[in-house]
Colleague: 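This structure is in structure tokens; I'll ask about it shortly.
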Number of protein chains: 2
Amino acid sequence: MTRMHKENNLSKNQQIIFDLIDKSPEPLKAYTILFNVQKKGINAPPQVYRALDKLVEIGKIHKIESKNAFVACKNSDCEISKATAFSICESCEMVDEISDTKLSKYLSSFNHKKGMKFKRFNLEFFGICKKCK
Amino acid sequence: MTRMHKENNLSKNQQIIFDLIDKSPEPLKAYTILFNVQKKGINAPPQVYRALDKLVEIGKIHKIESKNAFVACKNSDCEISKATAFSICESCEMVDEISDTKLSKYLSSFNHKKGMKFKRFNLEFFGICKKCK
DNA sequence: TTAGAATTGTTATAATATAACAGTATGTAA
DNA sequence: TTACATACTGTTATATTATAACAATTCTAA
Ligand SMILES: [Zn+2]
Ligand SMILES: [Zn+2]
Ligand SMILES: [Zn+2]
Ligand SMILES: [Zn+2]
């Protein structure tokens, strides 16, 4: 029993949690996820965090660091999460993943004066969205 | 007693906590700060978090969101924290504030396709620093 | 088929952050 | 100077976010 869902490489818990995040219009927090998947047999925080860690690692979801919340990747898995950018409304908390090739290229090729070579970046923009204006 | 330190606008607790962060070579976490200021009479988390909130608000320190840790601003208070960028070593955890006018201007003038006007951004670059190479 | 790797289930606990309430200090303006 | 508003402080308790540790099962590939 408890078969892997080979069609997309996700395990049972990973799939359940990804589906929940993917269909949510807003970022979900770990314990919100936990409460919502208890009916499916996921009972404890480590089960949620392990799935989240894996989903982040493979680029299916991203963590919004300023909110401790998770969103599904809308951008063909962001080259496995090496270059992420988000717009965040400070009023309604809505989060949108920004897909802008120019921005991504500009930042990916940005080099630190101190000679550090970057492997990854995360950018969070804050403002008031159209709806909230 | 407990006079305001008017020379720089910081209250007693704010000054104690700012001094600690400012002289630290690395980001400090809230409870690390708490342990280090208990000898100065700051005993409880809310005292630390209130000072941190204020210091962030006035741009004296920044929160490194991916680490839940705080660093002093090295950049004339970043126009009150509207535009922050950091480089973070994934090996030694060192954090450097990036001061790059071009980068800052580029991002400050970046406009979202969906019409949202940004007021603020935070950017975190990750890599391996020179020392750790 | 069998050994290693990945995943799961479970209990307990660590680490991060805030609520709520009471009191004190400071600046301003009548 | 008094009175008021604002900011800051102290304190206890609690909420929220995340991980440690261990045992078992399932998957994968040789
Ligand atoms: Zn993405
Ligand atoms: Zn909004
Ligand atoms: Zn700064
Ligand atoms: Zn390093």
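Quick note: numbers below take in every heavy atom, side chains included, and nothing from hydrogens, waters or symmetry partners. Within every chain, numbering begins at 1; the chains are lettered A, B, ... in the order of the sequence lines, protein sequences first and strands thereafter.
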Colleague: At less than 4.0 Å, is any side-chain N or O atom of A/Gln47 found next to OP1 or OP2 of C/dT8? Yes or no.
Modeller: no
Colleague: Between B/Asn68 and C/dA15, is there a side-chain N or O to OP1/OP2 distance below 4.0 Å?
Modeller: no
Colleague: Per the end-axis method with five pairs at each terminus, what is the bend angle of the helix from C/dT1-D/dA30 to C/dA30-D/dT1, to 10°?
Modeller: 40°
Colleague: Side chains of B/Lys82 and B/Phe118, heavy atoms from C-beta outward: is any pair under 4.5 Å?
Modeller: no
Colleague: Can you list, in residue-number order, the parts of residues 24-44 of chain B that come under 4.0 Å of DNA chain C, counting heavy atoms only?
Modeller: B/Lys29, B/Tyr31
Colleague: Please output the side-chain donor-acceptor pairs of residues 86-93 of chain A that fall under 3.5 Å, not counting sequence neighbours, one pair per line with the distance.
Modeller:
| residue | atom | partner | partner atom | Å |
| --- | --- | --- | --- | --- |
| A/Glu90 | OE1 | B/Lys119 | NZ | 3.4 |
| A/Glu90 | OE2 | B/Arg120 | NH2 | 3.2 |
| A/Glu93 | OE1 | A/Lys67 | NZ | 2.9 |

Colleague: Does a side-chain N or O from B/Lys67 land closer than 4.0 Å to OP1 or OP2 of C/dA15, or not?
Modeller: no
Colleague: In plain terms, say whether B/Asp19 and B/Lys40 are close enough for a salt bridge, that is, a side-chain N and a carboxylate O under 4.0 Å apart.
Modeller: no
Colleague: What is the distance, rounded to the nearest whole Å, between atom NZ of B/Lys12 and atom C1' of D/dA7?
Modeller: 15 Å
Colleague: To the nearest Å, give me how far apart CZ (B/Arg50) and P (C/dA22) are.
Modeller: 15 Å
Colleague: Using a 4.5 Å cut-off on heavy atoms from C-beta on, say whether the side chain of A/Glu97 contacts that of A/His62.
Modeller: yes
Colleague: Pairs in or reaching into residues 121-133 of chain B: which pass side chain to side chain donor-acceptor pair (under 3.5 Å), with residues at least two apart or in two chains?
Modeller: B/Ser66-B/Glu124, B/Thr84-B/Asn122, B/Asn122-B/Glu124
Colleague: Would you say B/Ser11 reaches C/dA25's phosphate, i.e. side-chain N/O to OP1/OP2 under 4.0 Å?
Modeller: no
Colleague: Using ring-ring contact (aromatic ring centres under 6.0 Å, His included) as the criterion, list what pairs up with A/Tyr31, not counting sequence neighbours.
Modeller: none
Colleague: So, OP1 or OP2 of C/dT18: does either fall under 4.0 Å of a side-chain N or O from B/Tyr49?
Modeller: no
Colleague: Can you give each donor-acceptor pair under 3.5 Å made by side-chain atoms of residues 42-54 of chain B, sequence neighbours left out, with the distance rounded to 0.1 Å?
Modeller:
| residue | atom | partner | partner atom | Å |
| --- | --- | --- | --- | --- |
| B/Asn43 | ND2 | B/Gly41 | O | 3.3 |
| B/Gln47 | OE1 | B/Asn43 | N | 2.9 |
| B/Gln47 | OE1 | B/Ala44 | N | 3.0 |

